[in-house]
Student: 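Structure below; questions to follow.
Proteins come first, then strands; the chains are lettered A, B, ... in the order of their sequence lines, and each starts at number 1.
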Amino acid sequence: MTNHFYITTPIYYVNDVPHIGNAYTTIAADILARYHRQLGDDVFFLTGTDEHGNPAARAAERRGLSPLEHVNEMVKRFQELARRVNASNDFFIRTTDPEHERSVQKFLGKLYDRGDIYLKSYRGLYCPACEAFYAPKDLLEGKCPDHGTVCDEVEEENYFFRLSAYQSKLIEHFDKHPEFVKPQSRFNEARSFITGGLEDISISRATLKWGIPIPWDESQVVYVWVDALLNYLSALEYAGDHDLTPEFWPASYHMMAKDILKFHAVIWPALLMAAGNKLPEHLFVHGYLLMGGQKMSKTRGNVLDPFDIINRYGADAFRFYCFREVTFGQDGVVSIEGLDARYNTELANDLGNLVSRTTAMIEKFGGGLVPAATGSSESDIASLAGFVTTDATAAMSRVDLTGALEKIWVLVRRLNKYIEDEAPWKLAKDKTAANRLELVLYNLAEGLRICALLLQSFMPETSAEILRRLGQATKAGGLRQGILWGGLKTGGRVIAGEPLFPKIERS
RNA sequence: GGCGGUGUAGCUCAGCUGGUCAGAGCAGCGGAAUCAUAAUCCGCGUGUCGUAGGUUCGAGUCCUACCACCGCUACCA
């Protein structure tokens, strides 16, 4: 029986400019998706865009377009970002998809029928940009802390969801599922927020038009966050040629940055409970990529544009850097200087050059054919490869992406050292050492093949290219059997091509 | 204010349940080698493990207080 693995990114707000944080989350989810495909799991990987709400509606108005015309254009940049980072998503959901809208209405209708939604008049300070109410204390000089705009004193009748009714059930779920939210610190944070007391939340807006109508009261639209969260469920219903829900729900992982933890760890589970759905197995909450120790922001001017980076370094290098440099789950500092350093030392010098020297030596000393294991197969390289595989896959199962890369590099470094220790160029001059030479070349090629397989989810293009140069089938990427020592297909032609990662020269 | 976290070599950080735990990578210095993208490999660190106490035969590793920074949360007066 094949294991099903459903992973999601948040849906990104279509009116914003795609930034490095979107890319980061998407790549993280993609790495896990690819990894699980490699394990042979049946994977569904979802990303998409959140398209309703006031900011998009107003931007459309300013441009003299209908909201839909506007978002149809804006969505392209996010689809482009997914392509450029090499995301292997199985579907791209848009909350303006008619199927999604119907699904949201159906879901809310269910909660309404069950009595978990009621009408209540609410009065407060409302930020139109956030589409949220603020307590006077939360405002900075009377203005929205996020947008710096004046909040309006608003009184409206809204539909409320009985979030408060789910407090104890939520805590129970947290206590029964200590791995529900990862890392642990985020679990604690979410749990303590719940124990601190939950209030019912407004799930509709009366003043807004650009949204999904409340099915039993079309004068109101669904609050964007409820609309957005439901994408995880609705997409399964129509992304395939049949309803995928039975196979893929509950989700294995929702990936997200720390700023939207509460929506996912509190409101989302409560909504699911109310509707009688299963809860996602895990939420994984990652940190921020910082520039100069500060959160990136347009006003500070300390932003890294993911498109720029990919244009200069390639998608693989970018993917590698994000997870090599910053311990996944924590905040971490990134910079162009850091990227250059990692690129040159680890990609060009360690990995790229290892590929070059290995293929060059097989070319010069081994007739250009992928060597076979000869004589005794005694090799501490083989055992190290085994340990590294075990460690790296264990790290992946903990979603410790940084740890996995660290382990893989132990093998990369060891292979470089192995070349120095064995000095094939000396063995090549000694006629009695022919068998030894072939074994050394074999160990190098086989070690490198295993590196390539372990790196496949992180750097799919590089991985395929390494395999190609070693005369291996590019698709032979299985991690259950293919990863075992001895899987090298021998006899094929090695390709000694251009450097995988040409050095970056910096002024 | 409450809760939680962090503070270890110049830099980024590993160090789980106390006894080679004083480490890794990068940067720097010296050397070897030449298959390779002058790429690699080897050697070199006297670090008050935030501060001050305490528990223990023994503490980055446990306890207390304090300092700094961060996150969540609250708001009495």
Side-chain angles (χ1 to χ4, degrees), chain A residues 135-138 181 183-199 257-263 265-266 285-290 292-295 317 321 323-335 337-366 368 371 391 394-395 398 400 402-403 405-410 412-429 437 440-441 443-445 448 462 465 469 494 496-505:
Chain A
K137 289 282 189 180
D138 294 332
V181 180
Q184 182 69 42
S185 55
R186 299 298 170 195
F187 177 97
N188 297 340
E189 192 178 313
R191 192 186 181 284
S192 76
F193 178 79
I194 298 167
T195 55
L198 300 177
E199 290 181 14
K258 61 186 184 180
D259 54 334
I260 53 177
L261 168 65
K262 276 191 285 181
F263 294 101
V266 183
V285 183
H286 70 250
Y288 288 146
L289 300 180
L290 308 172
Q294 291 188 307
K295 192 175 169 180
Y321 177 65
F323 296 93
R324 180 72 171 125
E325 184 80 343
V326 177
T327 302
F328 191 53
Q330 301 178 10
D331 288 357
V333 176
V334 294
S335 64
E337 293 72 22
L339 173 52
D340 282 344
R342 290 279 183 193
Y343 180 96
N344 281 338
T345 59
E346 300 191 333
L347 293 180
N349 296 352
D350 290 346
L351 179 63
N353 188 47
L354 174 63
V355 173
S356 293
R357 58 199 312 216
T358 298
T359 51
M361 287 191 293
I362 292 173
E363 210 47 82
K364 287 188 184 176
F365 310 136
D391 289 350
R398 293 192 305 269
D400 178 8
T402 309
L405 283 176
E406 215 163 274
K407 292 301 177 186
I408 297 166
W409 244 254
V410 168
V412 171
R413 291 202 185 91
R414 181 66 183 86
L415 289 170
N416 272 317
K417 178 175 162 54
Y418 182 65
I419 296 176
E420 300 301 321
D421 292 346
E422 298 296 334
W425 50 91
K426 285 182 185 162
L427 296 175
K429 290 176 186 156
L437 174 61
V440 169
L441 295 180
N443 286 338
L444 284 173
L448 206 42
T462 300
E465 181 60 13
R469 294 195 185 194
V494 154
E498 291 297 300
L500 250 43
F501 299 100
K503 274 283 191 60
I504 305 271
E505 301 298 342

Student: Within less than 4.0 Å of OP1 or OP2 of B:rA14, is there a side-chain N or O belonging to A:Q330?
Tutor: yes
Student: A:D350 has an atom CG; how far is it from atom P of B:rC26, in whole Å?
Tutor: 7 Å
Student: Within the structure, does a side-chain N or O atom of A:N349 lie under 4.0 Å from either OP1 or OP2 of B:rU40?
Tutor: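 Yes.
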Student: Choose from B:rC35, B:rC41, B:rU37 the nucleotide whose nearest atom is closest to any side-chain atom of A:F365.
Tutor: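 Nearest to the side-chain atoms of A:F365, counting from C-beta on, is B:rC35.
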Student: Expressed in whole Å, how much space separates the C1' atoms belonging to B:rU8 and B:rC13?
Tutor: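 Rounded to whole Å, the distance is 9 Å.
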Student: Using the C1' atom as the reference point in each nucleotide, state the distance between B:rC11 and B:rU55 in Å, no decimals.
Tutor: 36 Å
Student: Are side-chain heavy atoms of A:D421 and A:R414 found at a separation under 4.5 Å?
Tutor: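 Answer yes - side chains close enough.
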Student: Quick check on B:rG60: syn or anti? Syn means the glycosidic torsion is within 90 degrees of zero.
Tutor: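 Base orientation: syn.
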Student: Rounded to the nearest 0.5 Å, what's the gap from CD1 on A:I408 to CG on A:D350? Could you check?
Tutor: 13.0 Å
Student: A:W409 versus A:E406: any side-chain heavy-atom pair under 4.5 Å?
Tutor: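 A side-chain contact is absent here, since even the closest heavy-atom pair is not under 4.5 Å.
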Student: Taking for each residue the nucleotide of RNA chain B with the nearest heavy atom, is it A:T327 or A:A348 whose nucleotide lies nearer the 5' end?
Tutor: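 Its nucleotide being nearer the 5' end, the pick is A:T327.
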Student: Rounded to whole angstrom, note down the P distance from B:rC16 over to B:rU61.
Tutor: 11 Å
Student: Please report, rounded to the nearest Å, how far the P atom of B:rA38 is from the CG atom of A:N353.
Tutor: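 Going from A:N353 (CG) to B:rA38 (P), I get 8 Å.
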Student: Just call it for A:G352: base, sugar-phosphate, or nothing, with non-hydrogen atoms closer than 4.0 Å on any strand.
Tutor: base
Student: Considering only side-chain heavy atoms of A:F193, which listed nucleotide, B:rA39, B:rU73, B:rU34, is closest?
Tutor: B:rU73
Student: Within the pair A:K262 and B:rC72, is there a side-chain N or O less than 4.0 Å away from OP1 or OP2?
Tutor: no
Student: How many Å lie between CG on A:L354 and C1' on B:rU34, as a whole number?
Tutor: 16 Å
Student: Rounded to the nearest Å, what distance is computed from the CG atom of residue A:D331 to the P atom of nucleotide B:rC69?
Tutor: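 Roughly 17 Å, once rounded to whole Å.
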Student: Where does RNA chain B pair, written as one dot-bracket string 5' to 3', with Watson-Crick or G-U pairs under 3.5 Å, ( ) inside the strand, [ ] for crossing pairs and | for another strand?
Tutor: (((((((..((((.....[...)))).(((((.......))))).....(((((..]....))))))))))))....
Student: Expressed in whole Å, how much space separates the P atoms belonging to B:rC63 and B:rC70?
Tutor: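 B:rC63 and B:rC70 have their P atoms separated by 25 Å.
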Student: Base, sugar-phosphate alone, or nothing: which one does A:R342 contact when heavy atoms must sit under 4.0 Å apart?
Tutor: nothing
Student: Nearest whole angstrom, please: distance from the P of B:rA33 to the CE of A:M361.
Tutor: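 Nearest whole value for this atom pair: 17 Å.
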Student: Over all strands shown, is A:L261 touching base, sugar-phosphate only, or nothing at heavy-atom distances under 4.0 angstrom?
Tutor: nothing
Student: Expressed in whole Å, how much space separates the P atoms belonging to B:rG10 and B:rU6?
Tutor: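 The answer is 22 Å between these two P atoms.
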Student: Send over the distance from A:R186 CZ to B:rG5 C1', rounded to a whole Å.
Tutor: 10 Å
Student: Could you give the distance from OG1 (A:T358) to CD1 (A:I419), rounded to the nearest 0.5 Å?
Tutor: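 Going from OG1 on A:T358 over to CD1 on A:I419, the span is 4.5 Å.
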Student: Flag the pair A:F365 / A:L427 as yes when at least one side-chain heavy-atom distance between them is below 4.5 Å, and no otherwise.
Tutor: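 With C-beta onward as the side chain, the pair stays apart.
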Student: Counting just side-chain N and O atoms, does A:K503 come under 4.0 Å of either OP1 or OP2 of B:rA39?
Tutor: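 Yes, such a contact exists.
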Student: Using a 4.5 Å cut-off on heavy atoms from C-beta on, say whether the side chain of A:L261 contacts that of A:V181.
Tutor: yes
Student: Under 4.0 angstrom, heavy atoms only, what part of the nucleic acid is A:S356 near: base, sugar-phosphate, or nothing?
Tutor: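 Base: the residue A:S356, judged by heavy atoms under 4.0 Å, touches a nucleobase.
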Student: When you measure from the side-chain N and O atoms of A:K364 to the phosphate of B:rA36, is any distance below 4.0 Å, counting only OP1 and OP2?
Tutor: yes
Student: Sequence neighbours excluded, which residues qualify as salt bridge (Lys or Arg N to Asp or Glu O under 4.0 Å) partners of A:E465?
Tutor: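 A:R468, A:R469.
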Student: Could you tell me the separation between the CH2 atom of A:W409 and the C1' atom of B:rG25, rounded to a whole number of Å?
Tutor: 13 Å
Student: When the side chains of residues 326-333 of chain A are checked against the rest of the protein, which donor-acceptor pairs come out under 3.5 Å, sequence neighbours left out?
Tutor:
residue	atom	partner	partner atom	Å
A:D331	OD1	A:K258	NZ	3.1
A:D331	OD1	A:Y288	N	2.7
A:D331	OD2	A:K258	NZ	2.8

Student: With heavy-atom distances below 4.5 Å as the criterion, would you say the side chains of A:L339 and A:V334 are in contact?
Tutor: no
Student: Look at the side chain of A:A360 and decide which nucleotide, out of B:rC26, B:rA33, B:rA36, has an atom nearest to it.
Tutor: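 Closest of the options to the side chain of A:A360: B:rA36.
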Student: For A:A341, report the nucleic acid contact type (base, sugar-phosphate, nothing); a contact means any heavy atom under 4.0 Å.
Tutor: nothing
Student: With respect to the side chain of A:K417, which nucleotide from B:rA39, B:rU34, B:rC41 is positioned closest?
Tutor: B:rC41
Student: Output yes when A:E420 and A:K417 qualify as a salt bridge under the 4.0 Å nitrogen-oxygen rule, no when they do not.
Tutor: no
Student: Which value, in whole Å, describes the distance between the C1' atoms of nucleotides B:rG47 and B:rA38?
Tutor: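 Here B:rG47 and B:rA38 have their C1' atoms 33 Å from each other.
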Student: Any donor-acceptor pair, under 3.5 Å, between the side chain of A:E420 and the base of B:rC35, if you only look at N and O atoms?
Tutor: yes
Student: Say we look at B:rU46 and B:rG23: how far apart would their P atoms be, to the nearest angstrom?
Tutor: 10 Å
Student: Report the distance from atom CD of A:E406 to atom C1' of B:rC26, rounded to the nearest whole Å.
Tutor: 13 Å
